[in-house]
Colleague: 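Sending over a structure as structure tokens; questions will come in a sec.
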Amino acid sequence: MIPNVLTVAGSDSGGGAGIQADLKTMLALGVHGMSVVTAVTAQNSLGVQGAWELPVEAVRAQYRSVVDDIGVQAVKTGMLASAELVEAVAELIAGTDAPAVVDPVGVSKHGDALLAASALDSVRSTLLPAATVATPNLDEVAQITGVRVESEREMRRAAGAVLGYGPRWVLIKGGHLPGDAVDLLTDGSEEHWLRAPRHDNRHTHGTGCTLASAIASGLAKGRSVPEAVAAAKEYVTGAVAAGFALGGGIGPVDHGWRFRGHV
Ligand SMILES: Nc1ncnc2c1ncn2[C@@H]1O[C@H](COP(=O)(O)OP(=O)(O)OP(=O)(O)O)[C@@H](O)[C@H]1O
Ligand SMILES: Cc1ncc(COP(=O)(O)O)c(N)n1
């Protein structure tokens, strides 16, 4: 049986991040990808030119259509835009019997806000407690917890602060630090450091979405959290290495790198 994985996220018209990155990742990793669109962005390699949220009823209806008939073995959340959508999605995933990977998307690579500042309290109090794995980058860690990470050593304290909001596991993504691309996965007792060489490639649009979707795909296949994260890290590292120029700005990672024989 092919596992079903659901992404609840925003659409990126440029195809590098958001729903589009999630579905491509799921195809590449051999699961059936399904989507609940929360917002539509007009976006390209230069930035986000516009964003429109969907009504909360439209998000709930998409979710119920998929979960009640088809069923899901894992859920991934990305851009949720507003407090109202964060709360609705948190309630939906808390009521679903499947692991949830929560990527608490705050701002795009170009600095465009993808989450209202007024939604942060709802992320802390409703979304993070419903997560099997939360995958904040360092900017999101600072927004959520106030902890600023400037070195690998400080990642452990950041992880503890995020775990305080109730996710079962946290993966602190160190992609924005200089040096190797180092992430820390922990549930408060086990600690797994994931280290990969930094690829000197500016075309990294969509790394976070791709990593979270790859984790959800592994969980849907029945892997443990540490196994799913290790496999997802290997996939995203290859996708970053193969990232390519598109438009005049930051191009996407290559979700299809394994089909093309890169790396
Ligand atoms: N240049 C790079 N070379 C190798 N791996 C990288 C590079 N940049 C990021 N990564 C890895 O990609 C994953 C995503 O990390 P990152 O910190 O970029 O997340 P993010 O900021 O949420 O992504 P996004 O850009 O999609 O918002 C992590 O595993 C990180 O270590
Ligand atoms: C719809 C949507 N979701 C997520 C991201 C984050 O990705 P990035 O930080 O690579 O721009 C994005 N840009 N757009």
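Order of listing sets the numbers, starting from 1, for every ligand and every atom in it. This chain uses plain numbering: 1 for the first residue, then up along the sequence.
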Colleague: Taking the minimum heavy-atom distance to atom 4 (C) of ligand 1, which of G174, A232, A239, P197 ranks first?
Modeller: P197
Colleague: What residue and atom, counting heavy atoms only, is the protein's closest point to atom 12 (O) of ligand 1, and at what distance?
Modeller: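 Result for atom 12 (O) of ligand 1: T207 CB, 3.8 Å.
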Colleague: Would you mind telling me if ligand 2 is within reach of the side chain of Q43, the backbone, both or neither, using heavy atoms under 4.0 Å?
Modeller: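 Within the 4.0 Å criterion, Q43 contacts ligand 2 through side-chain atoms alone.
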Colleague: If you measure from CD on E91 to OG1 on T96, what distance do you get to the nearest 0.5 Å?
Modeller: 10.5 Å
Colleague: Can you tell me how far OH of Y63 sits from OG1 of T38, rounded to the nearest 0.5 angstrom?
Modeller: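 Output value for this atom pair is 13.5 Å.
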Colleague: Considering only protein heavy atoms, which is closest to atom 21 (O) of ligand 1, and at what distance to one decimal place?
Modeller: H176 NE2, 2.7 Å
Colleague: Between L171 and L211, is any pair of side-chain heavy atoms under 4.5 Å apart?
Modeller: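 When only atoms from C-beta onward are counted, L211 and L171 do touch, with a gap below 4.5 Å.
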Colleague: Just to be sure I read this right, does ligand 2 sit under 4.0 Å from the backbone of A17, its side chain, both, or neither, counting only heavy atoms?
Modeller: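 Just the side chain.
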Colleague: Could you tell me which non-hydrogen atom of L127 sits nearest to which non-hydrogen atom of L80, and how far apart they are?
Modeller: CD2-CD1, 3.7 Å
Colleague: Taking only heavy atoms of C209, which atoms of ligand 2 are found under 4.0 Å from at least one of them?
Modeller: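 Going through ligand 2 atom by atom, the ones under 4.0 Å from C209 are 4 (C).
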Colleague: Using a 4.0 Å cutoff against the non-hydrogen atoms of G206, which atoms of ligand 2 qualify?
Modeller: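 Contacts of ligand 2 toward G206, numbered from 1: 10 (O).
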Colleague: Step through the shown structure and confirm whether more than 12 heavy atoms of other residues, nucleotides or ligands are within 6.0 Å of CD on E84.
Modeller: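 Open: at most 12 neighbouring heavy atoms sit under 6.0 Å from CD of E84.
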Colleague: I'd like to check which ligand 2 atoms, numbered from 1 as shown, lie under 4.0 Å from a non-hydrogen atom of S108.
Modeller: 9 (O), 11 (O), 13 (N)
Colleague: Just checking, is any N or O donor in the side chain of T210 or H255 under 3.5 Å from an acceptor N or O on the other one?
Modeller: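 Yes - a donor-acceptor pair under 3.5 Å links their side chains.
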Colleague: Starting from atom 1 (N) of ligand 1, which protein heavy atom do you reach first, and at what distance in Å?
Modeller: H199 O, 3.0 Å
Colleague: Does any N or O of ligand 2 fall below 3.5 Å from an N or O anywhere on D12, backbone included?
Modeller: no
Colleague: Any chance you could measure H32, atom NE2, to N4, atom CG, to the nearest 0.5 Å?
Modeller: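 Nearest 0.5 Å value for the NE2-CG distance: 5.5 Å.
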Colleague: State, with a plain yes or no, whether a side-chain heavy atom of L115 is found less than 4.5 Å away from one of V86.
Modeller: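 Of all side-chain heavy-atom pairs linking V86 with L115, at least one is under 4.5 Å.
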Colleague: Consider every N or O of T41 and every N or O of ligand 2, then say whether any pair is closer than 3.5 Å.
Modeller: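 So ligand 2 has no N or O lying under 3.5 Å from an N or O of T41.
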Colleague: Do S122 and E87 get their side chains close enough for a donor-acceptor pair, meaning under 3.5 Å?
Modeller: yes
Colleague: So which protein heavy atom does atom 10 (N) of ligand 1 come closest to, and at what separation?
Modeller: A181 CB, 4.1 Å
Colleague: So is V182 polar-close to ligand 1, meaning N/O to N/O under 3.5 Å?
Modeller: no
Colleague: Nearest 0.5 Å please: distance from the CD1 atom of I144 over to the CG atom of L128.
Modeller: 5.5 Å
Colleague: Could you list which atoms of ligand 1 come closer than 4.0 Å to a heavy atom of G206?
Modeller: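 Those qualifying, in numeric order: 26 (O).
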Colleague: Which pair of non-hydrogen atoms, one from K173 and one from G208, has the smallest distance, and what is that distance?
Modeller: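 In terms of heavy atoms, the two residues are closest at NZ-CA, 3.6 Å.
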Colleague: Could you tell me the residue and atom name of the protein heavy atom closest to atom 2 (C) of ligand 1, and the distance to it rounded to 0.1 Å?
Modeller: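 The closest heavy atom on the protein side is V240 CG1, 3.6 Å.
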Colleague: Identify, by atom number and element, the atoms of ligand 2 in contact range of G10, meaning under 4.0 Å from any of its heavy atoms.
Modeller: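 The list of qualifying atoms is 1 (C).
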Colleague: With a heavy-atom distance limit of 4.0 Å, tell me whether K109 approaches ligand 1 through its side chain, its backbone, both, or neither.
Modeller: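 The side chain, only.
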Colleague: Classify the contact between D183 and ligand 1 as side chain, backbone, both or neither, using a heavy-atom distance cut-off of under 4.0 Å.
Modeller: side chain
Colleague: Kindly compute the distance separating CD1 (I172) from OG1 (T145), expressed to the nearest 0.5 Å.
Modeller: 7.5 Å
Colleague: Nearest to atom 13 (C) of ligand 1, what protein heavy atom do you find, and at what distance?
Modeller: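 For atom 13 (C) of ligand 1, the nearest protein heavy atom comes out as L211 CD2, 3.9 Å.
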Colleague: Backbone or side chain, does any N or O of G208 fall under 3.5 Å from an N or O of ligand 1?
Modeller: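 By distance alone, the answer is yes.
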Colleague: Does V123 share a hydrophobic cluster with M79, counting links as ILVMFWY side-chain heavy atoms below 4.5 Å and allowing steps through other members?
Modeller: no
Colleague: May I ask you to identify the nearest protein heavy atom to atom 9 (O) of ligand 2, giving residue, atom name and distance to one decimal place in Å?
Modeller: K109 N, 3.0 Å
Colleague: We want to know whether S11 and Q20 form a side-chain donor-acceptor pair, criterion being a heavy-atom distance below 3.5 angstrom.
Modeller: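 Yes.
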Colleague: In the protein, which heavy atom is nearest to atom 9 (C) of ligand 1, and how far is it?
Modeller: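 Atom 9 (C) of ligand 1 sits closest to the protein heavy atom G175 CA, 3.8 Å.
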Colleague: Could you give the distance from NZ (K109) to OG (S45), rounded to the nearest 0.5 Å?
Modeller: 13.0 Å
Colleague: Could you work out, for atom 2 (C) of ligand 2, the closest of A212, A51, G14, G18 by heavy-atom distance?
Modeller: G18
Colleague: Using a 4.0 Å heavy-atom threshold (strictly under), name the region of L114 that reaches ligand 2: side chain, backbone, both or neither.
Modeller: side chain
Colleague: How far apart are the closest heavy atoms of G30 and P3, and which atoms are they?
Modeller: O-CD, 4.4 Å
Colleague: For the 3.5 Å polar cut-off, considering only N or O atoms, please tell me whether K233 and ligand 1 meet it.
Modeller: yes
Colleague: Quick check on contacts: which atoms of ligand 1 are under 4.0 angstrom from a heavy atom of K173?
Modeller: 14 (C), 15 (O), 17 (O), 19 (O), 20 (P), 22 (O)
Colleague: Return the closest protein heavy atom for atom 20 (P) of ligand 1 as residue, atom name and distance.
Modeller: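 Answer, as residue, atom name and distance: N137 ND2, 3.6 Å.
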